[in-house]
There are 2 protein chains.
Amino acid sequence: MLVAARRASALYGQDQHTVTLTEGRPPAPRYGSRPTMKDVAGRAGVGLKTVSRVVNGEPGVTLETRRRVQEAIDALGFRRNDSARVLRKGRTATVGLVLEDLADPFYGPLSRAVEEVARAHDTLLINGSSAHDPCRERELALALCSRRVDGLLVVPAGPDHRYLEPEMNAGIATVFVDRPARGIAADTVLSDNHGGARSGVAHLIAHGHRRIGYIGDLPRIHTAAERLRGYRTAMEEAGLPVRPGWVSLGSTAPERVRRAAEEMLGGPDPVTALLTGNNRVTVTVVRVLAEREPHRPVALVGFDDFELADLLRPAVTVVAQDAAGLGRVAARRLFDRLERTDLPPAVVELPTRLVVRGSGELPPAG
Amino acid sequence: MLVAARRASALYGQDQHTVTLTEGRPPAPRYGSRPTMKDVAGRAGVGLKTVSRVVNGEPGVTLETRRRVQEAIDALGFRRNDSARVLRKGRTATVGLVLEDLADPFYGPLSRAVEEVARAHDTLLINGSSAHDPCRERELALALCSRRVDGLLVVPAGPDHRYLEPEMNAGIATVFVDRPARGIAADTVLSDNHGGARSGVAHLIAHGHRRIGYIGDLPRIHTAAERLRGYRTAMEEAGLPVRPGWVSLGSTAPERVRRAAEEMLGGPDPVTALLTGNNRVTVTVVRVLAEREPHRPVALVGFDDFELADLLRPAVTVVAQDAAGLGRVAARRLFDRLERTDLPPAVVELPTRLVVRGSGELPPAG
DNA sequence: TAGAGTCTGGACATCGTTGTCAGGCAGGGA
DNA sequence: TCCCTGCCTGACAACGATGTCCAGACTCTA
């Protein structure tokens with residue numbers, strides 16, 4: 001079967017690889033040549049509607065006719081065209097999920113959970129990433145609306161979701177996940193970001209820390225703002241000041257986070273403990289702390305659990321969110337709404353859980 | 001805006017949460033009430049085709065007419081129905097990606113890379129998980145064919161892909177990723193599993209190990225078999241025997257892997273080093289090794305890189321696959337094939353890279 | 001044997017869009 | 001004035017399926 005093997009890096013850009021050519025199938029026929037129900041009907045010598053009945057398992061076809069039709073279907077390789085079906089029936093049995101980044105480990109379980117619920121409703125899930133870009137979020141969500149998904153789950157990246165209002169009014173069920181929509185009333189499923197951050201900081205305070213910093217995501221992102229609020233609440237409740245330089249908000253790019261951490265730890269007014277605002281930030285901070293080995297250890301509580309947190313030394317104490325739970329609850333809400341379009345919008349908040357593992361229990365310096 | 005807040009665990013099963021009801025929008029109108037081009041045409045006082053021209057930015061419409069149409073579109077909240085469009089045009093500008101598990105960190109970057117390529121071709125990506133189940137793989141792939149995706153990327157879970165032959169002949173471009181298809185000739189993009197495993201084991205041998213075990217995925221999975229072959233090749237090249245009990249293949253469920261590792265390390269013929277067959281296995285084995293702390297350390301090389309591998313102690317030496325590269329190359333091949341349907345099927349193999357971090361360099365006992 | 005009722009199969013309109021084609025209108029040249 | 005060209009515009013068929021409705025064949029009963 002092998003015909004040739006050669007280097008062909010040029011073909012696919014930077015990626016080095018080996019190409020092995022194999023004997024070809026006959027070239028595929030031009031697109032659009034797929035057999036239709038009409039073709040099947042012709043070959044089986046029956047009417048169009050009879051084929052439709054067989055394909056959809058509807059009653060009212062004799063065994064013999066059914067057999068003849070099935071034979072024609074197999075012979076021609078017929079497969080029903082769902083685009084046409086959708087056009088006639090109105091429902092697509094498809095829902096869309098717009099999230100930030102498929103490669104972020106937080107979204108894997110979330111997406112997976114949504115898919116399971118969708119599957120239980122015989123519905124296909126389309127998911128796409130906005131790559132943290134409000135513009136792409138909008139493009140993607142509207143593209144899904146054009147395909148007439150029955151429903152839409154959105155993890156907002158943008159600051160304004162009024163663009164979805166006409167779509168929602170036109171009957172596309174929409175649920176926001178992880179962050180609320182801005183500018184419209186809609187179903188929303190959130191984590192208890194404020195409470196979670198507050199309990200994380202309280203935990204550090206209980207272990208003797210007084211100088212605690214917070215490194216978080218962009219302030220325009222709801223979760224980042226809420227977690228900051230939780231941090232401030234906990235500090236205030238303990239009567240502790242938040243000094244200038246103890247809060248750093250910005251992108252989760254490793255360079256930015258690294259700089260923030262180094263300034264907080266090495267500046268004139270250093271902190272002895274840190275709360276990190278999500279798993280991307282935590283991972284970078286863990287790396288910074290590991291590089292400071294000879295220094296006195298710094299206490300850390302991370303928002304979001306992550307795989308292997310328990311195997312690092314010290315193991316990382318986290319405020320765990322239930323990502324799968326967010327997805328599951330949001331998806332269920334979506335399907336509820338598909339059945340009863342008159343539900344008033346609701347906000348659901350899932351609790352977080354402090355997972356104590358060691359890094360938050362380190363005593364402060366001195 | 002807040003109307004009520006209460007516990008409502010019953011509503012959404014096990015998940016604990018708080019529901020906050022908010023003032024409702026007017027109920028969404030029944031489905032199917034969306035305005036069509038006909039409605040827009042009526043309101044703007046122009047013909048149907050003129051609306052189509054405006055919506056698609058086709059030339060041959062005066063500025064004034066265009067303005068009137070646009071006004072009607074905005075007023076009615078019209079959005080083109082892509083199902084109907086697809087029916088007429090034949091192409092869906094959609095490709096499907098069938099993988100094993102969206103929550104597996106290996107697939108995040110892969111899926112992300114595919115999405116980027118698709119986006120560059122103005123194409124929507126639908127991805128779904130087979131959950132390692134051949135049956136679901138088939139269901140999902142055929143469901144995507146029914147929706148008439150233009151192309152399909154498949155990470156095979158099943159043992160036989162002849163079911164896709166009619167679809168491929170009917171013009172659905174198909175590329176297999178990470179594992180070859182069985183039973184049909186098709187484009188395929190793989191990692192160099194044999195070479196990677198071989199170099200990983202050779203690395204352990206170079207550091208003095210003679211008793212090396214392999215814990216891998218189910219033997220019916222191509223990558224698992226190839227990596228096993230690489231392991232055997234390396235052992236053979238070094239003139240080392242592979243003793244009974246040194247190879248364990250099976251599911252990647254933590255319990256199974258844990259048992260395998262404990263038997264290999266604690267049995268009558270213990271190994272001093274391990275090659276683990278993928279990131280799921282590696283993570284579990286790292287956990288087992290960590291629990292054996294007082295014991296003499298065991299050397300480890302893992303197939304697949306994973307986040308934080310460098311921060312564990314010892315840091316984990318891995319055979320890194322380029323997951324994003326697999327996705328990128330496969331997606332490019334898919335779009336090539338969409339343009340030139342007469343390409344002969346090719347197999348592309350991407351190199352792996354040994355990333356030395358410490359765990360593979362531990363000396364053997366004695 | 002006729003009449004009533006049941007079962008099976010097919011003709012036809014329809015979903016919302018796009019491609020084809022022809023008509024209408026203005027301006028310029030004969 | 002008439003014709004021709006070129007530009008806009010709209011009527012109509014088609015894409016592939018489903019729902020409605022009716023015709024014809026058949027069974028069963030009186």
Side-chain angles (χ1 to χ4, degrees), chain A residues 30-70 72-73 76-93 143 145-150 170-171, chain B residues 30-70 72-73 76-93 143 145-150 170-171:
Chain A
R30 63 176 178 72
Y31 188 91
S33 68
R34 288 209 78 142
T36 70
M37 284 193 178
K38 204 167 154 187
D39 301 324
V40 174
R43 178 166 178 127
V46 302
L48 189 54
K49 181 64 202 189
T50 300
V51 177
S52 170
R53 289 204 182 91
V54 172
V55 168
N56 294 295
E58 285 169 26
V61 183
T62 47
L63 213 63
E64 165 56 17
T65 309
R66 190 176 295 275
R67 197 192 53 70
R68 274 217 324 281
V69 170
Q70 190 57 54
I73 288 177
L76 295 174
F78 167 81
R79 179 164 303 279
R80 183 178 63 196
N81 183 331
D82 271 354
S83 288
R85 176 167 218 254
V86 155
L87 181 59
R88 194 63 174 74
K89 298 201 75 132
R91 287 252 162 159
T92 53
C145 291
S146 279
R147 316 237 161 178
R148 297 291 188 269
V149 293
D150 296 332
Chain B
R30 63 174 179 73
Y31 187 92
S33 69
R34 287 208 80 139
T36 71
M37 286 194 177
K38 203 166 154 187
D39 300 324
V40 174
R43 181 167 175 125
V46 302
L48 189 54
K49 180 65 203 190
T50 300
V51 177
S52 171
R53 289 205 182 87
V54 172
V55 169
N56 294 296
E58 285 169 27
V61 182
T62 45
L63 213 64
E64 165 57 16
T65 310
R66 190 176 294 275
R67 197 194 50 72
R68 275 219 320 284
V69 170
Q70 191 58 54
I73 288 177
L76 296 173
F78 167 80
R79 179 165 301 280
R80 183 178 62 196
N81 183 331
D82 272 353
S83 288
R85 175 168 220 251
V86 155
L87 180 59
R88 193 62 177 75
K89 298 200 77 128
R91 288 252 162 161
T92 53
C145 291
S146 278
R147 316 236 163 181
R148 295 293 187 269
V149 292
D150 297 333

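Residue numbers begin at 1 in each chain, while the letters A, B, ... track the order of the sequences.
A/Asp82 comes within contact range of no nucleotide atom at all, as no heavy-atom separation falls under 4.0 Å. No engagement by A/Val86 is indicated, since no non-hydrogen atom pair under 4.0 Å with the nucleic acid exists. Here A/Val55 lies out of heavy-atom contact (under 4.0 Å) with every strand.
Considering only the side chain of A/Leu87, D/dG16 comes nearest among C/dG9, D/dG16, D/dT9. Across C/dG9, C/dT18, D/dG19, the shortest atom-to-atom separation from the side chain of B/Lys89 is found for C/dT18. Closest to the side chain of B/Phe78, from the set C/dT17, C/dG19, D/dT18, is C/dT17. Closest approach to the A/Arg80 side chain among C/dT18, D/dT9, D/dT18 is made by D/dT18 (side chain taken as heavy atoms from C-beta onward). Here C/dA13 is the nucleotide among C/dG9, C/dT18, C/dA13 with the atom lying nearest to any side-chain atom of A/Arg88. Closest to the side chain of B/Glu58, from the set C/dG19, C/dG10, D/dG19, is C/dG19. If you check C/dT18, D/dG10, C/dT8 against the side chain of B/Thr50, the one that comes closest is D/dG10. Set against D/dG10, C/dT17, C/dG9, the side chain of B/Asn81 has C/dT17 as its closest nucleotide.
Residues A/Ser52 and A/Met37 are in side-chain contact: their nearest non-hydrogen atoms beyond the backbone lie under 4.5 Å apart. Proximity of B/Glu58 to B/Lys49: side-chain heavy atoms (C-beta onward) are separated by under 4.5 Å at one or more points. At a threshold of 4.5 Å between non-hydrogen side-chain atoms, the residues A/Val86 and A/Arg91 do not count as touching.
Protein atom CZ of B/Arg148 is 11 Å distant from nucleotide atom C1' of D/dA17, rounded to whole Å. The interatomic distance linking A/Arg91 (CZ) with C/dC15 (P) rounds to 18 Å, in whole Å. One can place CZ of B/Arg67 at 17 Å from P of D/dC8, the figure rounded to the nearest angstrom. Rounded to an integer number of Å, the gap from B/Asn56 CG to C/dG19 C1' is 12 Å. At whole-Å resolution of the value, CZ in B/Arg68 and P in D/dT9 are 9 Å apart. Atom pair B/Arg79:CZ and C/dT17:P shows a separation of 12 Å (rounding to whole Å applied). One can place CG of A/Leu48 at 9 Å from P of D/dT18, the figure rounded to the nearest angstrom. In this entry the distance linking CG of A/Leu63 with C1' of C/dG9 reads 16 Å, nearest Å.
For A/Ile73, the side chain to side chain contact (heavy atoms under 4.5 Å, CB included) test picks out A/Val40, A/Val55, A/Val69, A/Gln70, A/Phe78, with sequence neighbours left out. Shown here are the side chain to side chain contact (heavy atoms under 4.5 Å, CB included) partners of B/Thr62, two or more places apart in sequence or in another chain: B/Thr65. Contacts of B/Arg53 classified as salt bridge (Lys or Arg N to Asp or Glu O under 4.0 Å), with partners at least two apart in sequence or in another chain: none. Residues passing the side chain to side chain contact (heavy atoms under 4.5 Å, CB included) test with B/Arg85 are B/Asn56, B/Arg80, B/Asp82, B/Lys89, sequence neighbours excluded.
Near DNA chain D, meaning a heavy atom under 4.0 Å away, the residues from residues 36-44 of chain A are A/Thr36, A/Met37.
In terms of modelled atom types and a separation under 3.5 Å, the side chain of B/Asp150 and the main chain of B/Ala93 share a donor-acceptor contact. No donor-acceptor pair closer than 3.5 Å links the side chain of A/Arg34 to the backbone N or O of B/Ala170. Under the 3.5 Å distance criterion, the side-chain polar atoms of A/Thr92 are matched with a main-chain donor or acceptor of A/Arg148.
Close to D/dC8, at under 4.0 Å from its OP1 or OP2, lies no side-chain N or O of B/Thr65. Residue A/Ser83 places none of its side-chain N or O atoms closer than 4.0 Å to OP1 or OP2 of D/dA17. The phosphate of D/dA17 (OP1 or OP2) has no side-chain N or O of A/Ser52 nearer than 4.0 angstrom. Side-chain nitrogen and oxygen atoms of A/Thr62 include none within less than 4.0 Å of the OP1 or OP2 phosphate oxygen of C/dC7.
For the atom pair OG of A/Ser146 and CZ of B/Arg79, the computed distance is 5.0 Å after rounding to the nearest 0.5 Å.
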How does each nucleotide of nucleotides 20-25 of chain C score, in 5' to 3' order, for protein heavy atoms under 4.0 Å: base (B), sugar-phosphate only (S), or none (-)?
B-----

